[in-house]
Novice: 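So that we are looking at the same thing, I have put the structure below in structure tokens.
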There are 2 protein chains.
Amino acid sequence: MTMKTAKKSKYHHGDLRAELVRVGRVLLETETNPSLRAIARQAEVSHGAPMHHFPTWAHLLAACAADGFRELSAELLRVVGSQHAPEEELTKMSIAYLAFATRNPVVFRLMFNRNAITERTQEFLHESSAAYTILQQAIRNVEPTMSDDRFDTMINTVWALIHGMSVLELEDQLCRSADVKLGTEAFLRKGIRQLIA
Amino acid sequence: MTMKTAKKSKYHHGDLRAELVRVGRVLLETETNPSLRAIARQAEVSHGAPMHHFPTWAHLLAACAADGFRELSAELLRVVGSQHAPEEELTKMSIAYLAFATRNPVVFRLMFNRNAITERTQEFLHESSAAYTILQQAIRNVEPTMSDDRFDTMINTVWALIHGMSVLELEDQLCRSADVKLGTEAFLRKGIRQLIA
DNA sequence: ACTTAATCTTGTCACTGACTAGATTAAGAT
DNA sequence: ATCTTAATCTAGTCAGTGACAAGATTAAGT
């Protein structure tokens, strides 16, 4: 008998790999520096079990980060699906990007930290570049016939703005003068408008 | 006899605290995930010695990050000292920021990662905000009479651009189309020009 | 010279990631 | 159905880690 979402069978979890990533992402955001063993405990398997799905702790981290990119891509594609004009689409994407970072601060930091992700898995690289491709297309839509120079400048400055703004928001380092009611989204909107001019 | 930079005396290093930060910053950039004990070994003291200067491993990390901010501030002040027009000063600062990140990738990531710096020491907070103040002044110089709204927008977008560009450079995620000769500095220069307009 | 406090060492503890060998079960062949 | 084989999980072990305790050594102040 094969149960995909079995709860009774002790041995052979069913899909432990996915479960470890799921539990891993939860613990990463809740506990501080969860260990491989802590994730195994939470998944109710022995401390040795994860090794059959991930040769190394770094590989599990990479899988969590890849899963983060998958989720981010889905959010960005939701924006594409809602059919906005190019500039508005880009702005909406940046807001989705920021929202993802805010909802998943730890995994977000993991996704863009070569020191934390010591194993750049095929899965990780694939999901990472998939997300990037979505952003690339959104930039291209702003001005379909632009030169390579202009394209590189626009995508790098815009993405730097979006990513930097998300990081600074997470680090609580954005400047908020008294009586200024502007939200982070407003900074993104204004910055993007200027950078794509 | 009191030796500040003694090499012979075994006990009482002289200034072990500073030495640990120095060695720590070197090992952080060279080894992958150096341990507290590895740093102690490199400094040629016992594994228990660091605890007399840093209550916790996290405190040593925070001290390394604070030292990074100190170095960054010095670099930014060098730019201020060379007397440029406001926009050029800002651009030069961004280039110095990027250069610091490139020279100290691991410490740079540490400095802006709340997950890695679990102890936000007084020293850390002080050095961090000192560096920020330098940037604030450079932004103010661009347009001394601007409104708070405009100031917040400008500093947040410009800093996001600079920081984001540095992160993406470190992560090797900047777009480089074929035949595009633009360097990262060019992207910074163009982006800043647009954001302060 | 004597006292006191700071600094360093040594030893210990629970915990971690990695590895091994063996138990359990699922899947495929006959 | 039964047998075989491979995948999956457990339990046990190991060196290395950060934290802590107790005591040795030295510097500083009187």
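Letters A, B, ... are given to chains in the order of the sequence lines, protein chains preceding strands, and every chain is numbered from 1.
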Novice: How are the rings of A:His163 and A:Phe112 set to each other: parallel, tilted or perpendicular (split at 30° and 60°)?
Specialist: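 Aromatic pair A:His163/A:Phe112 classed perpendicular.
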
Novice: Are B:Arg22 and B:Glu29 close enough for a salt bridge, meaning some N to O gap below 4.0 Å?
Specialist: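 A salt bridge is absent here (no side-chain N lies under 4.0 Å from a carboxylate O).
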
Novice: Salt bridge or not between B:Glu123 and B:Arg70? Use side-chain N to carboxylate O under 4.0 Å.
Specialist: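 Yes, B:Glu123 and B:Arg70 are salt-bridged.
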
Novice: Which parts of residues 41-50 of chain A get close to DNA chain D, meaning a heavy atom less than 4.0 angstrom away?
Specialist: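 Result for residues 41-50 of chain A: A:Val45, A:Ser46, A:His47, A:Gly48, A:Ala49, sorted by number.
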
Novice: Tell me if the side-chain of B:Arg37 makes a donor-acceptor pair with the base of D:dG16, cut-off 3.5 Å, by modelled atom types.
Specialist: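 When only heavy-atom distances are counted, B:Arg37 does not reach the base of D:dG16 through any donor-acceptor pair under 3.5 Å.
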
Novice: Is there a donor-acceptor contact under 3.5 Å from the side chain of A:Asn104 to the main chain of A:Phe100?
Specialist: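 Pair found, side chain donor or acceptor close to backbone of A:Phe100.
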
Novice: OP1, OP2 of D:dT10 versus side-chain N and O of A:His52: anything below 4.0 Å?
Specialist: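 No, outside the criterion.
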
Novice: Which of residues 55-62 of chain A have a heavy atom under 4.0 Å from DNA chain C?
Specialist: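 Within this stretch, A:Thr56, A:Trp57 sit under 4.0 Å of the strand.
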
Novice: For residues B:Thr30 and B:Arg25, is any side-chain donor paired with an opposing acceptor at under 3.5 Å?
Specialist: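 There is no such pair (donor and acceptor under 3.5 Å, judged by atom type) between the side chains of B:Thr30 and B:Arg25.
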
Novice: Under 4.0 Å between a Lys/Arg side-chain N and an Asp/Glu carboxylate O for B:Glu88 and B:Arg193?
Specialist: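 Salt bridge between B:Glu88 and B:Arg193, a charged N being under 4.0 Å from a carboxylate O: no.
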
Novice: Could you say whether A:His53 or B:Ala38 is positioned toward the 5' end of DNA chain D, judged by the nucleotide with the nearest heavy atom to each?
Specialist: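 The residue whose closest nucleotide sits nearer the 5' end is A:His53.
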
Novice: Just by distance, with hydrogens left out, do A:Arg176 and A:Thr184 show a side-chain donor and acceptor under 3.5 Å apart?
Specialist: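 A:Arg176 vs A:Thr184: donor-acceptor pair found between side chains.
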
